[in-house]
Peer 1: 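Input: one structure, supplied below.
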Amino acid sequence: MLSAVCIGETMAMLTPVQAVPLDLATELHFGIGGAESNVAMGLAAMGLDTHWISRVGHDGFGTRILHDLQDHGVGISGVEVDAGRPTGLYVKVPAQDSDPDGGSSVLYYRQGSAASAMGRETLANTAVSSLLENASLIHLSGITAALSPECLSLLEAILTEPRNGRTISFDVNWREALWAGQDRAVLKRLANLADVVLVGKDEAEHAFGTTDESELRRLMPDPEVLVIKNEAISAISLNRSGSREEVPALSVAVVEPVGAGDSFAAGYLSGVLFGLGQKESLRRGHVAAACTLTVHGDRGPLPDAEQLAAILDSSDDVWAAIHVEDGQFNTGTGA
């Protein structure tokens, strides 16, 4: 069975139960959130043997994270529990009706977290080293690089080791707050060491100073493929060989955008691992993202295997006619 390993921080997430300002909230909903663990859960849902490597605090937040990942079929043998450092925490403040253009906001409480203490010594953990050695895919992100110098060193160590048949993917996952006062050129260096790079077009301007396809490919010449997520328009893969594939996004009645990028990554990367072509892999990414866009929360359930196969194998005309709402994929042709 193909094995995937995702590395990064997952935090406890608190958000007001009612869509009210934080100072007026009387109840907070407790969930979890982390880009790499979202991808891990998505890959597990795609049928891959998936594991998450990280660190959590010896606290209820950390325990909840471990239980949630296990419940989604993700292995946690590579997670270290830190008795001295806490699990990271963030508070998601919903957008207000009184300021519809303000959008939601996030407050991070992650400095000094257990996960920020990951470093090269993490690789000395035999459970971690075994998972990485046997992985078909190792998935990393730019978030981890910004957490601490030690975390950056860990990513550098993984990215510069011999591949031995493994594929390393790197999702830029730009977070403005994390890179304040730091050298964002690190992202280009790390991305160029990966085999597969994923970046949103909106992120590329912040991380690399351009959204131009040819310029991005020039800045990162070494990865086998660069995937540019063009929001609700399309996804584009630029291969090192010079080939280009673009697949339009599905029409979606969006409920909430949170987690869609991670779902896309899981869908696309699962296609790559299964040996599919770029068009088929990009379609898998779009389907997974659409499932998440139509639900509240970081992940939406996939269609059953038969419907998923029909959607992925549909003609371009049928694909263009698909509309996704309430988790249902509908076309006038019955696909």
Peer 1: Just by modelled atom types, is the Q328 backbone N or O under 3.5 Å from a matching donor or acceptor in the D326 side chain?
Peer 2: no
Peer 1: Just by distance, do the side chain of R64 and the backbone of F30 share a donor-acceptor pair under 3.5 Å?
Peer 2: yes
Peer 1: Once you round to the nearest 0.5 Å, how far does CD1 of I32 lie from CE of M41?
Peer 2: 4.5 Å
Peer 1: State whether the side chain of W52 and the backbone N or O of G8 hold a donor-acceptor pair below 3.5 Å, judged by distance alone.
Peer 2: yes
Peer 1: State, to 0.1 Å, how close H51 and D49 come at their nearest heavy-atom pair, and which atoms those are.
Peer 2: NE2-OD1, 3.1 Å
Peer 1: Does the side chain of W319 come within less than 4.5 Å of I311's, by heavy atoms?
Peer 2: yes
Peer 1: Working to the nearest 0.5 Å, report the span between CG of L131 and SG of C6.
Peer 2: 11.5 Å
Peer 1: Can you tell me how far CD of E246 sits from CG of L238, rounded to the nearest 0.5 angstrom?
Peer 2: 9.5 Å
Peer 1: Taking R184 for the side chain and A180 for the main chain, is one N or O donor matched with an acceptor at less than 3.5 Å?
Peer 2: no
Peer 1: Do R110 and L178 touch side chain to side chain, with heavy atoms closer than 4.5 Å?
Peer 2: yes
Peer 1: Go through the side-chain N and O atoms of T87 and D59 and say whether any donor and acceptor fall under 3.5 Å apart.
Peer 2: yes
Peer 1: State whether a side-chain donor-acceptor pair under 3.5 Å links S169 with H139.
Peer 2: yes
Peer 1: Should L269 and T167 count as side-chain neighbours, where that means a heavy-atom distance under 4.5 Å?
Peer 2: no
Peer 1: Check the angle between the aromatic planes of W179 and W174 and answer parallel, tilted or perpendicular using the 30° and 60° thresholds.
Peer 2: parallel
Peer 1: Checking R85 side chain against G112 main chain: does a donor-acceptor pair fall under 3.5 Å?
Peer 2: no
Peer 1: With the threshold set at 4.0 Å, does a side-chain nitrogen-carboxylate oxygen contact exist between D316 and R283?
Peer 2: yes
Peer 1: Does any part of the side chain of F329, heavy atoms only, come nearer than 4.5 Å to the side chain of C291, both counted from C-beta?
Peer 2: yes
Peer 1: Any side-chain heavy atom of E156 sitting closer than 4.5 Å to one from R120?
Peer 2: yes
Peer 1: Heavy-atom count check: over 12 atoms from other residues, nucleotides or ligands less than 6.0 Å from E176 CD?
Peer 2: yes
Peer 1: Below 30° counts as parallel, above 60° as perpendicular, anything between as tilted: where do the rings of H286 and F264 land?
Peer 2: perpendicular
Peer 1: Please tell me if the side chains of L107 and L22 come closer than 4.5 Å, counting only heavy atoms from C-beta onward.
Peer 2: yes
Peer 1: Would you compute the distance between atom CD of E205 and atom CG of L216 and round it to the nearest 0.5 angstrom?
Peer 2: 9.5 Å
Peer 1: Side chains of D171 and V39: closer than 4.5 Å at any heavy-atom pair?
Peer 2: no
Peer 1: Considering all heavy atoms of both residues, which atom of E325 and which atom of A253 are nearest to each other, and what is their separation?
Peer 2: CG-CB, 3.6 Å
Peer 1: Is H58 atom NE2 crowded by more than 12 heavy atoms from other residues, nucleotides or ligands, each under 6.0 Å away?
Peer 2: no
Peer 1: Hey, is the main chain of A266 close enough, under 3.5 Å, to the side chain of S270 for a donor-acceptor pair?
Peer 2: yes
Peer 1: Are the side chains of Y109 and V91 in touch, meaning some heavy atoms are under 4.5 Å apart?
Peer 2: yes
Peer 1: Kindly give the heavy-atom pair with the smallest separation between M118 and S148, and that separation in Å.
Peer 2: O-OG, 4.4 Å
Peer 1: Judged by modelled atom types alone, do E215 and T210 share a side-chain donor-acceptor pair under 3.5 Å?
Peer 2: no
Peer 1: Check for a donor-acceptor pair, side chain of Q182 on one end and backbone N or O of A146 on the other, with a separation under 3.5 Å.
Peer 2: yes
Peer 1: Say whether, by atom type as modelled, one donor and one acceptor occur between the side chain of R217 and the main chain of M220 under 3.5 angstrom.
Peer 2: yes
